[in-house]
Q: 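Structure provided below as structure tokens; questions to follow.
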Amino acid sequence: MTFVTLLQALDEAAAGDYALGAFNVSDLVQAEAVLDAAAATASPVIVQAIAGGSAHASDERFWGALVGLIKTYDEVPVVLHLDHGPDFATCARAIAAGFTSVMIDGSLRADRRTPSSFEENVAVTAEVVEYAHAGGVSVEGELGTIGGVEGGTGEAKEIVLADPDQAAEFVRRTGVDALAVAIGTSHGAYKFDREPDGEVLRLDLTERIHALTSGTHLVMHGSSTLPAELRAEVNAYGGTLPESWGVPMAEKVRSIGMGVRKINQGMDSHLAFTAAVRRTLATDGLNVDPAGYERAGREAMRALLVDRMRDFRSAGQAKRPRS
Ligand code: 13P
């Protein structure tokens with residue numbers, strides 16, 4: 001058994017009191033880093049991809065290759081998840097390609113800038129849930145708008161915090177399997193201009209939503225920690241990343257106790273990968289073969305994710321008898 005649905009994986013996580021990392025990948029080399037880390041730690045894992053967000057020319061070709069790669073890791077349960085599906089059609093494409101879970105991000109209108117109304121969000125999310133569930137695929141919805149830049153490119157979005165009083169109604173009317181709640185985090189390499197306290201990182205909202213939506217698995221987006229040493233390494237080899245604070249590990253671990261079962265993280269992987277690629281290129285001016293620097297990137301990303309899987313307590317859980 002390799003592929004599992006998001007609902008199966010998160011039900012297991014709730015039973016075992018841990019969370020799964022959901023790690024963004026933008027090519028097959030990054031996907032291997034995630035899967036190798038999962039295999040090394042015996043951890044169930046969520047591999048997630050954004051439509052149009054890969055290094056490959058076609059989503060369908062990348063996604064097909066991703067499905068083939070995942071099948072070779074039969075020792076760990078893997079959820080293949082579409083991150084931030086912008087509309088019904090994109091979610092349907094991912095399901096056709098073999099994804100076992102999709103996120104419909106109904107928090108924004110078609111221009112992907114204007115926040116949609118609660119009713120609009122409910123309507124598109126419920127439509128995707130009906131279609132996905134008929135095919136045995138799980139669905140994550142989003143309440144509020146998570147800010148920043150998804151997948152590292154495009155325009156930064158405003159944060160609109162989730163309204164706890166709407167959460168129960170949203171879950172009831174849509175039937176989502178997991179709910180992403182906007183609590184002040186944002187996507188990308190720039191998040192907070194100071195160490196985040198409870199005023200900017202609103203775990204109190206997570207706690208209230210957890211209390212009001214008993215049993216619904218919650219998702220924290222924009223969860224990268226943005227380690228200062230990785231930013232320093234990128235910048236030492238030509239990068240120009242501004243100083244920024246991410247989500248401290250202790251706060252991610254605290255959120256697990258508040259019903260957060262899926263912790264989304266892409267930028268930390270990208271930082272580790274890019275720092276290693278920049279270092280390798282800078283220190284070997286004669287090498288033009290991508291295999292060497294991509295290998296260095298993969299290994300740095302794998303090592304970082306091994307630590308994350310231990311922190312989220314998913315390490316070792318692939319060996320637990322399944323319920
Ligand atoms: P980061 O940008 O913090 O890595 O978050 C990724 C994410 O939430 C993808 O949906």
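Order of appearance sets the numbers: ligands from 1, and atoms from 1 within every ligand.
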Q: Distance alone, cut at 3.5 Å: any donor-acceptor contact between the side chains of His84 and Gln48?
A: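 Result is no, nothing qualifies.
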
Q: Based purely on interatomic distance, does Asp268 place a nitrogen or oxygen under 3.5 Å from a nitrogen or oxygen of ligand 1?
A: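 There is no such contact.
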
Q: Scan side-chain atoms only and decide if Lys252 and Thr225 contain a donor-acceptor pair under the 3.5 Å cut-off.
A: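 There is such a pair between these side chains.
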
Q: Looking only at atom types and distance, does a side-chain atom of Arg261 sit under 3.5 Å from a main-chain N or O of His217, one as donor and one as acceptor?
A: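 Checked: no pair found.
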
Q: Between Val247 and ligand 1, which residue portion shows a heavy-atom distance shorter than 4.0 Å: side chain, backbone, both, or neither?
A: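 Contact part for Val247 vs ligand 1: neither.
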
Q: Could you tell me, atom by atom, which parts of ligand 1 come under 4.0 Å of a heavy atom of Asn24?
A: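 Near Asn24, the atoms of ligand 1 are 6 (C), 9 (C).
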
Q: Can you list the residues that meet the salt bridge (charged side-chain N to carboxylate O under 4.0 Å, His left out) rule with Glu169, with sequence neighbours excluded?
A: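 Salt bridge (charged side-chain N to carboxylate O under 4.0 Å, His left out) list for Glu169, sorted by chain: Arg173.
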
Q: Do Ser43 and Ser314 have side-chain atoms, one donor and one acceptor, less than 3.5 Å apart?
A: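 Their side chains do contain a donor-acceptor pair, which is all the 3.5 Å distance test asks for.
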
Q: Any N or O of Lys191 that comes nearer than 3.5 Å to an N or O of ligand 1?
A: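 Looking only at distances, the answer is yes, because the N/O contact criterion of under 3.5 Å is met.
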
Q: Side chain, backbone, both or neither: which part of Ala22 comes within less than 4.0 Å of ligand 1 when only heavy atoms are counted?
A: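 It is neither part, as no heavy atom is under 4.0 Å.
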
Q: In terms of relative ring orientation, are Phe170 and Phe118 parallel, tilted or perpendicular, with 30° and 60° separating the classes?
A: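 Ring orientation of Phe170 relative to Phe118: tilted.
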
Q: Show which atoms of ligand 1 fall inside a sub-4.0 Å distance from at least one heavy-atom site of Gly222.
A: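 Every atom of ligand 1 under 4.0 Å from some heavy atom of Gly222: 1 (P), 3 (O), 5 (O), 7 (C), 8 (O).
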
Q: Could you list which atoms of ligand 1 come closer than 4.0 Å to a heavy atom of His221?
A: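 In order of numbering, the contacting atoms are 8 (O), 10 (O).
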
Q: Any atoms of ligand 1 less than 4.0 Å from a non-hydrogen atom of His84? List them with their elements.
A: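 That gives atoms 10 (O) of ligand 1.
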
Q: Given that the side chain starts at C-beta and the backbone is N, CA, C, O, which of these parts of Asn264 lies under 4.0 Å from ligand 1, counting heavy atoms, or is it both or neither?
A: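 The part of Asn264 near ligand 1 is both the backbone and the side chain.
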
Q: Run the numbers for me: atoms of ligand 1, each under 4.0 Å from some heavy atom of Gly188, listed by number.
A: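 In order of number, 2 (O).
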
Q: Indicate whether the side chain of Asp177 and that of His133 have a donor and an acceptor atom separated by less than 3.5 Å.
A: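 On atom types as modelled, these side chains qualify, holding a pair under 3.5 Å.
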
Q: Please list, in number order, the atoms of ligand 1 under 4.0 Å from a heavy atom of Gln265.
A: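 Selected atoms, number and element: 4 (O).
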
Q: Name each donor-acceptor pair under 3.5 Å that joins a side chain in residues 305-312 to protein atoms two or more places apart or in another chain, with its distance.
A:
| from | atom 1 | to | atom 2 | distance (Å) |
| --- | --- | --- | --- | --- |
| Arg308 | NE | Gln265 | OE1 | 3.0 |
| Arg308 | NH2 | Asp268 | OD2 | 2.7 |

Q: Relative to the heavy atoms of His187, which atoms of ligand 1 are at a distance of less than 4.0 Å?
A: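 Ligand 1 atoms under the 4.0 Å threshold to His187: 2 (O), 5 (O), 6 (C), 7 (C), 8 (O), 9 (C), 10 (O).
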
